[in-house]
Amino acid sequence: EVRLVESGGKLVQAGGSLRLSCTIFGDTFVDYAIAWFRQAPGKEREGVSCISTSGVDYAESVKGRFTIATDDAQKTLFLEMNNLKPEDAGVYYCSVVPEGDYNDCLEADYMDYWGKGTTVTVSS
């Protein structure tokens, strides 16, 4: 149906920058929200940022440092991460949900499709 593939995760030093990508394969919906989530070891999966026809949203912990964007065809999702901190480390996942099928696109329970994740490691 729909397949998501993340890429770009790597080891970076604190204060550095990194750009993650997520490619959407298959026939998708007319309108949908796309989101980034992350999960650190021993912690719950949390919403990082999402973009939809309503705009964009960010977790408080990344506001001012991260930027979410899509390409013109909305087949690729990006996450520009700046001034990385050790607490930003974890597995980053992209996900999609049809527009109208969610109340909060930073809530993981609403998401219908997930990628397998890409690992971001931040050294202090």
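Numbering of residues begins at 1 and proceeds along the displayed sequence.
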inquiry  = Could you go through Thr67 and Leu79, starting from their C-alpha distance and side-chain angles, then the distance that decides it, and tell me whether this counts as side chain to side chain contact (heavy atoms under 4.5 Å, CB included)?
reply    = CA-CA 6 Å; Thr67 302; Leu79 184 66; over 6 Å; no
inquiry  = Using the rule given for side chain to side chain contact (heavy atoms under 4.5 Å, CB included), can you reason through Phe25 versus Val5, listing the C-alpha separation, both sets of side-chain angles and the distance that settles it, and then say yes or no?
reply    = CA-CA 8 Å; Phe25 296 92; Val5 180; 3.6 Å; yes
key: Trace of the side chain to side chain contact (heavy atoms under 4.5 Å, CB included) decision for Trp36 with Cys22   = CA-CA 9 Å; Trp36 285 102; Cys22 171; 3.8 Å; yes
message = Does Lys116 form a side chain to side chain contact (heavy atoms under 4.5 Å, CB included) with Tyr93? I'd like the steps, not just the answer.
response = CA-CA 7 Å; Lys116 294 182 179 180; Tyr93 303 89; 5.9 Å; no
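Between the side chains of Asp31 and Thr53, not a single donor N or O lies within less than 3.5 Å of an accepting N or O. Residues Asn103 and Tyr110 bring a donor and an acceptor atom of their side chains to less than 3.5 Å of each other. Judged purely by distance below 3.5 Å, without hydrogens or angles, the side chains of Tyr102 and Ser52 pair a donor atom with an acceptor atom.
Minimum heavy-atom separation, Ala14 to Pro86: CB-CD, 4.2 Å. Between Met111 and Cys105, the closest heavy-atom pair is CE-O, 3.8 Å. Closest approach of Asp71 and Phe78 over heavy atoms only: N-CE1, 4.0 Å.
At least one side-chain heavy atom of Ile51 sits less than 4.5 Å from a side-chain heavy atom of Thr70. Using a 4.5 Å cut-off on side-chain heavy atoms (C-beta onward), Glu99 and Ser54 make contact. Contact check for Ile24 versus Ile34: side-chain heavy atoms found under the 4.5 Å cut-off. A heavy-atom distance below 4.5 Å is not found between the side chains of Phe66 and Leu20.
A cation-pi arrangement is found for Arg45 relative to Trp114, the charged atom lying closer than 6.0 Å to the ring centre and inside a 45° cone about the ring normal.
The existence of a salt bridge linking Arg38 and Glu46 is confirmed by a sub-4.0 Å separation between a basic side-chain nitrogen and an acidic carboxylate oxygen.
The line from OH of Tyr113 to SG of Cys94 is 13.5 Å long, rounded to the nearest 0.5 Å. Here the straight-line distance linking atom CD of Glu44 with atom CZ of Phe37 works out to 13.0 Å at 0.5 Å rounding. Taking CG of Leu77 as the reference point, atom CD1 of Ile68 lies at 4.5 Å (rounded to 0.5 Å). Between the CD atom of Gln39 and the OG1 atom of Thr119 there is a distance of 11.0 Å, given to the nearest 0.5 Å. Taken to the nearest 0.5 Å, the CD atom of Gln13 stands 12.5 Å off from the OG1 atom of Thr121. Rounding to the nearest 0.5 Å places CG of Asn83 at 6.0 Å from CZ of Arg65.
When each of Leu11, Val12, Leu18 is checked for a side-chain contact (heavy atoms from CB on, under 4.5 Å) with Val122, only Val12 meets the rule.
Using a 4.5 Å cut-off between side-chain heavy atoms of Ile, Leu, Val, Met, Phe, Trp and Tyr, with links allowed through other members, Val48 and Leu106 fall into different hydrophobic clusters.
Under a 3.5 Å cut-off, the side chain of Glu6 and the backbone N or O of Gly117 do form a donor-acceptor pair. Remark: side-chain polar atoms of Thr118 are paired, donor with acceptor, to backbone N or O of Gly9 under 3.5 angstrom. Remark: side-chain polar atoms of Ser49 are not paired, donor with acceptor, to backbone N or O of Tyr58 under 3.5 angstrom.
The number of heavy atoms from other shown groups lying within 6.0 Å of CD (Glu87) is above 12.
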